[in-house]
Each structure stands twice: as structure tokens, then as C-alpha cells.
S.K.: 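Handing you a structure now.
All of these numbers come straight from a predicted model, not from anything done at the bench. The first residue in the sequence is number 1, and the count goes up from there. Because only heavy atoms are used, hydrogens play no part in the values below, and waters and symmetry mates are left out as well, while side chains stay in.
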Amino acid sequence: MKSAARWLAAGVLAGSTFWGLTQPAEAQGIPRDIPRKELLILENPEGTVKNAAWFNIWAINANSQSNGLQQAALDTLWYIDPDSGIDGVWDNSLAAAKPIYNANFTEMRVKLRRGIFWSDGVEFTSADVKFTVDMMVKTPGMRWSAVLANAVETVEAPDAETVIFKLKRPNSRFHSLFTVRWNAVWIAPKHVFEKVEDPNKFAFDKPISLSSYVLHSHDPDGKWYIWQRREDWQRTSLARFGQPAPRYLAYVDPGPPDKRVIAQMNKELDVVHDIAPEGMFTLARQNPTSKAWFKGFPFGHPDPTLPAAIFNTQLDMFKNKDVRWALALLIDIKAVSMASYRGAATISPIAVPPTGRHPEFYHGPMQDWLAEFEIDTGKRKIKPYDRTMARQIADSLRPSMGNQIPSDPADVAKAFGTGWWKPDPQAATELLERAGFRKQGNQWLKPDGTPFVIRVVVEGDARPIMTRAGSMIAQNWRQFGIDARVDVAAGTLLTRRAAGDFDVILSWSVETWGGHQDLSFFMDSWHSAFVAPPGQSQPLRNWQRWSHPDLDKIIEQIRTIDFDDPKGIELGKEFIKLTTREMPLIPLMAYNVFTVADETYWTGFPSADNPYANPVTNWGNSRYMFVKIKPKQ
């Protein structure tokens with residue numbers, strides 16, 4: 001039996017390979033004998049968790065969400081898979097059926113599964129759902145307080161398996177709050193939280209579980225978390241698909257990208273969340289047991305997520321759209337693509353990711369509108385869109401990569417996207433000058449005469465692609481005379497993003513369902529009712545804190561139509577036109593994640609050939625691979 005303890009106690013990757021060492025670890029609280037063949041080791045992209053013993057996901061703190069908590073221990077009403085799903089894209093999890101709305105979408109009724117139990121033996125019922133909603137509505141500042149308080153008039157639990165939501169206004173997408181894509185409103189245990197005086201201050205240390213795993217132990221410094229399969233796993237919603245194969249899960253901080261590669265080659269990391277392109281290429285060449293989503297180029301899993309340069313629009317310097325557009329026209333997207341993905345980026349000029357069915361419904365049909373779109377700089381009108389930009393990226397890669405790079409226009413668009421904005425420093429100058437900025441020597445000054453300084457917040461080694469993109473954008477701005485500084489928020493990016501502690505942040509506020517054209521998943525949270533005042537925590541997902549009356553009208557219309565109504569596509573196009581004109585964030589590309597699974601100990605991971613789940617380790621719906629993978633040895 002090989003011991004995982006010493007490897008974990010050593011800070012995950014302090015040396016080469018530890019699995020051959022069988023002496024128990026000395027660190028207090030770390031298990032002494034976890035058989036390697038029973039343990040699935042996954043990267044937690046949050047890195048080392050600052051507030052390691054905080055498991056109250058309903059409160060916003062410097063805690064972890066993806067240390068296994070949302071993937072292995074929590075549950076909610078429904079899941080939507082961004083790919084094909086384990087039994088179709090939609091899964092009724094704690095709910096026994098899809099949501100049932102009344103005719104005008106002011107009431108949603110939910111029927112719950114019976115026979116589901118918390119890990120402490122208490123049965124899950126409608127009372128837990130009602131309590132979860134009431135707790136957050138009555139307690140401002142919790143993770144979902146604002147959206148629930150804004151939407152819910154009352155929530156009733158007439159019997160153990162029925163929940164009735166009465167809404168303040170029509171909302172045909174209300175169910176999305178309880179539908180996991182990456183996460184959702186997780187259901188809290190009433191019998192635990194009802195005894196708590198202030199749920200915002202309750203750590204929920206030693207958390208009880210509603211899904212198939214329960215906390216075994218964790219590093220007090222936040223480097224690793226171990227979850228153990230529940231003895232009564234049959235009394236969870238995931239049991240419908242069989243027994244989860246790994247007895248233990250370890251979510252770890254494996255260190256920077258190069259160490260993740262070394263760890264997987266040494267069989268110390270079964271699933272890498274994400275690595276730099278060079279790391280992906282190294283594993284593809286040198287580690288035969290490493291498997292990515294695609295067998296070859298471009299390798300990565302195309303998440304329905306839009307990395308962007310997000311402005312804090314509550315800052316005076318970014319309230320004027322002329323300033324935001326000026327900064328967009330200073331970005332060289334070809335340089336950003338090469339710096340971030342080494343060219344393997346799928347670029348997007350619009351605030352919708354170029355994945356799933358979105359190119360069919362949005363990117364393709366919007367090409368002519370984008371080509372005719374004009375900006376008035378105050379001195380002239382320009383048409384900034386270049387529909388050949390993606391083709392230029394592909395052409396630049398072809399000499400070195402040969403026939404790996406497609407030549408057919410449709411294949412180029414699928415792999416690299418369509419067009420983007422032409423760099424235009426002169427137009428940027430004219431826009432900034434119209435906004436009251438001026439250049440003194442080589443330095444741009446704000447209207448008040450102080451230097452134009454921009455903190456570009458990135459996550460560091462935890463997300464090398466985003467960090468490289470942010471660094472290149474900052475370089476583009478510095479070359480123009482703007483004092484743009486890269487600010488690395490290792491382990492604190494999520495907290496700082498919610499707090500508005502940034503000028504520009506490389507992140508995403510646009511996330512879609514994936515295979516469905518509906519944009520409400522992110523768009524509803526952009527309503528002005530959810531925008532937090534400066535200095536207060538911003539609820540999901542309008543990190544740019546931007547509002548516009550026309551956007552509110554679009555959102556409110558979407559709330560009154562069915563999820564599958566074709567009118568939603570037309571409203572989506574109106575959203576695209578509005579955000580293109582206003583530029584509250586600078587769209588960049590799809591998030592192609594280089595998630596790599598090693599098949600030394602486990603096999604059957606999801607892939608493009610078998611897309612039953614999203615393999616990306618921090619997604620809540622990655623839980624489905626636990627019941628599909630099998631031990632190899």
C-alpha cells in the first residue's frame with residue numbers, strides 16, 4: 001500500500017515522486033494510509049485557500065468553492081451539462097422533474113426526490129429548500145441574497161416534497177438560479193443553520209454533505225482537501241448513476257504550471273485543471289497516459305465562458321464609453337492570442353463566447369452588422385471591425401504547424417473565431433481627448449491632471465493563459481503611454497472581483513449554458529437591480545457593475561418568454577448590439593481549458609469522443625465523472 005500522506009504533507013509537490021514512500025506523515029490531521037489506487041487527485045485551481053477551514057459557501061469570505069465542496073459534497077435542484085451530459089444535457093438532481101411554471105411565469109413549483117439524506121442521517125426535504133432561500137433573503141450580503149431577494153415574494157413548502165416559489169415579477173428563467181452549470185444556489189441544511197445567530201459569520205467547519213462525499217480531512221494551511229465516499233452514498237441523488245468509483249478524492253494546490261506537468265508525469269496528479277499551452281504540448285509528447293479533451297490540436301475543452309478585460313465602470317475614469325472603446329482599440333488581439341494560447345485561441349468581438357451553438361445563432365449572423373458598425377471619435381467616423389482577424393492568426397501559424405491548421409474558412413472559424421477590432425492608436429487618441437484626457441510627454445493624464453494609471457488584475461500561475469493575456473494587454477496600453485500595471489491576485493481573485501477591488505480584471509462575467517442558445521444564465525444577473533454600491537460586494541455576475549436602461553428592458557422581456565422561444569435569439573442580438581456600442585467589457589475569446597487526465601490509475605474520463613460530463617475540475621457538474629471512471633489497476 002502506497003501512502004498519500006507524505007506527498008500531501010510535503011505541500012503537494014515539494015519534490016519529485018513520493019508515492020514510493022510508505023512511511024506515514026508526521027503532520028497532524030493528515031491521514032496516514034490512503035491507498036493510491038482508491039484516490040483520485042484533482043487540481044483545485046484556486047490554489048492555496050486563504051481561509052482553509054471556512055466551508056460556508058452561502059457567505060462570501062476568502063474561502064474555497066472548488067476544493068471539492070461544490071463538486072463532491074453539495075447538491076441542488078437541477079444540472080445542465082455544457083456538453084452532452086450523462087443522460088442528456090438536463091438532469092433532475094434533488095428535483096424529481098423539471099420546474100413547473102404558471103401561465104405568466106410568476107410562480108414556479110418544484111417536486112422533490114424522496115429518500116435523499118444529509119450525511120448526518122437527517123432526511124432532505126422541502127424545508128431545506130425553503131430555509132435556504134429565506135435565510136439569504138433575510139440576510140443581506142450572502143452570496144445569493146440580492147438575486148433571491150429581488151425575485152422571490154414568498155417560498156412555501158406545503159409538504160415534504162413540494163416547494164412553491166411566488167415571484168415578484170414574471171421570470172421564466174428563475175429556475176436557472178438552482179440549475180448548476182458551474183455552480184448554483186446550493187441547498188443548505190436547515191437543521192444546522194437554523195441554530196446559527198449570524199449565517200454570514202458561521203464557518204460551517206466540519207461540513208455535513210448532501211452529495212456522495214463527505215470531508216475526511218484538510219490541510220490547515222489550505223493546500224489540500226480530502227473527501228471520502230459516504231458509506232450511505234446510495235441515499236444521494238448521484239446514486240442514480242451508480243457508485244462513485246474513487247473512495248477518496250483529493251483536491252490539491254499542485255503549484256505553478258510547470259509543476260503540474262511534472263506532477264502528472266510522476267503520477268501524482270490525476271487531473272490537471274489547466275496548464276499553459278507548452279505544458280499541454282509536453283504532456284502530449286512525453287506522457288502517453290495523459291489524455292486531453294481532443295486527441296490532438298487544439299486539445300483544450302471549450303468552456304462556454306468568455307474571458308474579457310472587465311472594467312470597473314463605477315470608477316470615474318471608466319464611466320465614459322469613449323475611454324472604454326479607446327482602450328479596446330489599443331489591443332492587438334493577434335498578440336494576445338499568441339501570448340495566451342500560443343495561437344490556439346478562439347477569438348470573439350462580441351459579449352458571447354464563440355462556443356456551442358452561439359456561432360450559429362450570433363457570431364455568424366452578426367458579421368454584416370459588425371462590418372458596418374461605426375464609432376464617432378469626435379473628429380471622424382471609423383469602422384473598427386476586421387472580419388479577417390482570425391484568418392490572419394491561422395495564416396501566421398500555418399508555416400510552423402503545417403496541416404494541423406485548417407484552411408477551410410468554416411474550419412478556421414470553428415477553431416480560431418471570426419473577426420475582431422483593428423488596432424487604431426489614432427482613433428484611441430481622439431476618443432481619449434474627447435473624454436478630457438491629455439498626453440503630456442509620454443504619459444497620458446486623466447481630466448483632473450493626475451496620471452492615467454490602470455491596475456490590471458490577473459490570477460497568476462493558477463490561470464497562466466489569463467495572466468499572459470492580461471500582461472499583453474497591459475503592455476499594449478503601456479506602449480501607448482498609459483501607466484498599466486499587472487496586479488497578481490493569487491488566491492484572492494474571486495474575493496477581489498466581488499469587492500470591486502480592481503480597475504480592469506482579466507476574468508469573465510459572460511457565461512452561457514453551452515449547447516443552448518439562451519443567454520439568460522449570465523444576462524439576468526446584469527439587471528441594474530443587482531448592481532452593488534461602490535465598496536459593497538457585487539453578487540454574481542455583473543463584475544463590471546454596469547447598468548443601462550436598454551439592458552434592463554431586454555432582460556425583462558426575456559423573463560416573460562419560454563426558455564426555448566426563438567424570440568430569445570433576437571433579444572440576444574439586441575444585447576450584443578448594446579454591449580458593442582457601450583463596451584462595458586472588452587470581449588477576448590473562448591476559454592479553452594487544457595484539462596488533462598492521466599489514465600495510470602483511472603480510466604474513462606470524459607472527452608470529445610465521450611462527452612458525458614465537463615472534465616474541468618472546478619465545475620460542479622464534474623461530479624458525474626466520479627460514477628463513470630473506473631480503476632485501471
S.K.: Looking at OG of Ser528 and CZ of Arg545, how far apart are the two atoms once the value is rounded to the nearest 0.5 Å?
M.R.: 14.5 Å
S.K.: On the ring face of Phe530, is Arg541 found with NZ or CZ under 6.0 Å from the centre and within 45° of the axis?
M.R.: no
S.K.: Going by salt bridge (Lys or Arg N to Asp or Glu O under 4.0 Å), Asp524 matches just one of Arg169, Arg173, Arg559. Which one?
M.R.: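 Considering Arg169, Arg173, Arg559, a salt bridge (Lys or Arg N to Asp or Glu O under 4.0 Å) with Asp524 is found only for Arg559.
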S.K.: Check whether the ring centres of Trp508 and Tyr591 lie less than 6.0 Å apart, and answer yes or no.
M.R.: yes
S.K.: Rounded at 0.5 Å granularity, tell me how far OG in Ser340 sits from CE in Met472.
M.R.: 9.0 Å
S.K.: Which value, rounded to the nearest 0.5 Å, describes the distance between Glu511 atom CD and Phe521 atom CZ?
M.R.: 5.5 Å
S.K.: Compute whether any side-chain donor of one residue and acceptor of the other, for Gln65 and Asn63, lie under 3.5 angstrom apart.
M.R.: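 No, Asn63 and Gln65 have no side-chain donor paired with an acceptor closer than 3.5 Å.
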S.K.: Any chance the side chains of His273 and Thr595 put a donor and an acceptor closer than 3.5 Å?
M.R.: no
S.K.: Could you walk me through whether Glu582 and Lys321 pass the salt bridge (charged side-chain N to carboxylate O under 4.0 Å, His left out) check?
M.R.: CA-CA 6 Å; Glu582 296 291 326; Lys321 71 177 181 180; 3.7 Å; yes
S.K.: Please determine if Arg485 and Asp487 form a salt bridge, counting it only when a charged side-chain N lies under 4.0 Å from a carboxylate O.
M.R.: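 No, this pair does not count.
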S.K.: Parallel under 30°, tilted from 30 to 60°, perpendicular over 60°: which one fits the rings of Phe193 and Phe204?
M.R.: tilted
S.K.: Does the ring center of Tyr385 lie less than 6.0 Å from the ring center of Trp421?
M.R.: yes
S.K.: Quick one: CD on Glu459 to OG1 on Thr467, what's the gap to the nearest 0.5 Å?
M.R.: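 That separation rounds to 7.0 Å.
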S.K.: When you measure from the centre of the six-membered ring of Phe452, is the NZ or CZ of Lys439 closer than 6.0 Å and no more than 45° off the axis?
M.R.: no
S.K.: Ring centroids only, cut at 6.0 angstrom: are His301 and Phe594 within range, meaning strictly under it?
M.R.: no
S.K.: Surrounding CG of Asp198 (heavy atoms of other residues, nucleotides or ligands, distance under 6.0 Å), is the total greater than 12?
M.R.: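 Check passes, neighbour count above 12.
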S.K.: Does the side chain of Ser622 reach to within under 4.5 Å of the side chain of Thr617, using non-hydrogen atoms?
M.R.: no
S.K.: Quick one: are the ring centres of Phe437 and Trp444 less than 6.0 Å apart?
M.R.: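 Ring centres of Trp444 and Phe437 not closer than 6.0 Å.
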S.K.: Salt bridge between Glu574 and Lys577, side-chain N to carboxylate O under 4.0 Å?
M.R.: yes
S.K.: As an exercise, state the distance from OG1 of Thr154 to NZ of Lys168, rounded to the nearest 0.5 Å.
M.R.: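 Interatomic distance, Thr154 OG1 to Lys168 NZ, rounded to 0.5 Å: 10.5 Å.
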S.K.: Check whether the side chains of Ser509 and Gln544 place a donor and an acceptor atom closer than 3.5 Å, and report yes or no.
M.R.: yes
S.K.: Taking the six-membered ring for Trp, are Phe575 and Phe522 ring centroids under 6.0 Å apart?
M.R.: yes
S.K.: With a 4.5 Å cut-off on side-chain heavy atoms, are Trp144 and Trp186 touching?
M.R.: yes
S.K.: Answer with yes or no after comparing the ring centroid distance for Phe174 and Phe105 against a 6.0 Å cut-off, counting only values under it.
M.R.: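 No, they do not, as the ring centres are separated by 6.0 Å or more.
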S.K.: Mind checking whether Leu210 and Thr76 have side chains closer than 4.5 Å, heavy atoms only?
M.R.: no
S.K.: Against Gln70, only a single residue in Asn183, Asp75, Val180, Asn621 fulfils side-chain contact (heavy atoms from CB on, under 4.5 Å); can you say which?
M.R.: Asn183
S.K.: Atom CD1 of Ile561 and atom CG of Asp518: how far apart are they, to the nearest 0.5 Å?
M.R.: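 That separation rounds to 7.5 Å.
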S.K.: So that I know where these two stand, are Phe55 and His218 an aromatic pair - ring centroids less than 6.0 Å apart?
M.R.: yes
